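To find a chain, count down the sequence lines: A is the first, B the second, and so on, and within it residues start at 1. This structure is a prediction, so every number in the text was calculated from the model and none was measured.
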There are 2 protein chains.
Amino acid sequence: MTVALDGFDVKLLAALQDNAALTNAELGEIISLSASQVSRRRSKLEEAGVIRGYRAALDPEALGLTVTAFVGVTLGAHSKENARKFRNMVKAMPEVQEAHTLTGDLDYMLKIVVADLKALSNIINDELLPQEAVHHVRSSIAMETLKDDNLLPLGSS
Amino acid sequence: MTVALDGFDVKLLAALQDNAALTNAELGEIISLSASQVSRRRSKLEEAGVIRGYRAALDPEALGLTVTAFVGVTLGAHSKENARKFRNMVKAMPEVQEAHTLTGDLDYMLKIVVADLKALSNIINDELLPQEAVHHVRSSIAMETLKDDNLLPLGSS
DNA sequence: AGTGAAAAACAATGGCG
DNA sequence: CGCCATTGTTTTTCACT
């Protein structure tokens, strides 16, 4: 579904992606609209899928998740079946936060978050590498994260 | 502040990061706890910083953001001042969703989301490369995103 | 397009077992 | 920690412009 977004919508979305705990009244103040209109627009944006959902942003450290890694994967035998199995596995792995196919020499880029380096090693050796489709894996550990907000750029950010 | 998380907390956090729109009563049903207890635990987790905040997850396509890229950056002259400037710029750029320092041959890995390839090219040529600290930039475009949820692995790890 | 107010739903406390 | 009641807030719907 494609929706035409006006200035109010964009400002509303920007505010909500920054802080979804804002009440409709507070949002109304920010974007100069009444609470009832905010409610109506919000419902529309949710129904249209522009707003996919609401999430609590958690602190990985507090949960003992100290290692973030970017793992580049190249596939070997490009059989459709093996590739499909690889994709399904990746989608099902909770440690994989993101998975993309890339241009360039890498086939897949995974972002993985785990408790420690041992857990990362286990994932690579026991889950990734045994896959028939997987030819090579190369991982880089994030030493420091400057920014992690994953906020989309919406004009007024 | 470090907090001891029990099984209820972990389940609560897992449910909330998946869907922060759930009411306390609904959460209580999921984790087998009364709504009032859910409310109390939630406040504690928010205060302790385990819950950093609440965010609306938006659909990039619906907002005209069609290009996701991973940009590897190597710094040249490692003067402290230049590196500091680079870091501040990156933090301030709304198109940069994530920025990490990495092990391996790359100094920085940026995840960038923009409307189109032209916008990406503009960012690289007009913002990144003119920085004194920046020696080399290498970008990979995400052709397909299999997974993008950025949900932390809780319990199932 | 928008507003404002009433009704319904919900959150947050406190007391008690 | 469950349960219940209360109070205050918030959302949503309706009438209206």
Whole-Å gap separating P (D:dT11) and NZ (A:Lys44)
18 Å
Find the distance A:Leu45:CG to D:dT11:P and express it as a whole number of Å.
15 Å
d(CG, A:Leu33; C1', D:dT12) in whole Å:
15 Å
Nearest heavy atom decides the nucleotide; on that basis, is B:Arg42 or B:Gln37 closer to the 5' end of DNA chain C?
B:Arg42
Considering residues, nucleotides and ligands other than A:Lys91, do more than 12 of their heavy atoms fall under 6.0 Å from its NZ?
yes
Here the distance between atom C1' of D:dT9 and atom CG of A:Leu22, to the nearest Å, is 15 Å
Is B:Asn24 near enough to C:dC10 that one of its side-chain N or O atoms lies under 4.0 angstrom from OP1 or OP2?
no
Roughly how many Å is it from CG in B:Leu27 to C1' in C:dA9, rounded to a whole number?
16 Å
Residue-phosphate contact under 4.0 Å: A:Ser39 side-chain N/O, D:dT12 OP1/OP2
yes
A:Gln17 side chain vs A:Leu152 backbone, donor-acceptor pair below 3.5 Å
yes
So, is A:Arg40 near the phosphate of D:dT11, with a side-chain N or O under 4.0 Å from OP1 or OP2?
no
Reckon A:Ser32 touches a base, only the sugar-phosphate, or nothing at all at heavy-atom distances under 4.0 Å?
nothing
For B:Glu26 and C:dC10, what is the distance between atoms CD and C1' respectively, to the nearest whole Å?
10 Å
Nearest listed nucleotide, side chain of A:Ser36, among C:dG4, C:dT13, D:dC1
C:dG4
Which base, if any, makes a Watson-Crick or G-U wobble pair with C:dA1, both distances under 3.5 Å?
none
Donor on one side chain, acceptor on other, B:Asn82 and B:Gln131, under 3.5 Å:
no
Using atom CD of A:Glu29 as one end and atom P of C:dG4 as the other, report the distance to the nearest whole Å.
13 Å
Pairwise side-chain contact, A:Thr101 with A:Asp107, heavy-atom cut-off 4.5 Å (strictly under)
no
If you count the non-hydrogen atoms of other residues, nucleotides and ligands that lie under 6.0 Å from CD in B:Glu29, is the total more than 12?
no
Between D:dT11, C:dA1, D:dG2, which nucleotide has the shortest distance from any of its atoms to the side chain of A:Arg41?
C:dA1
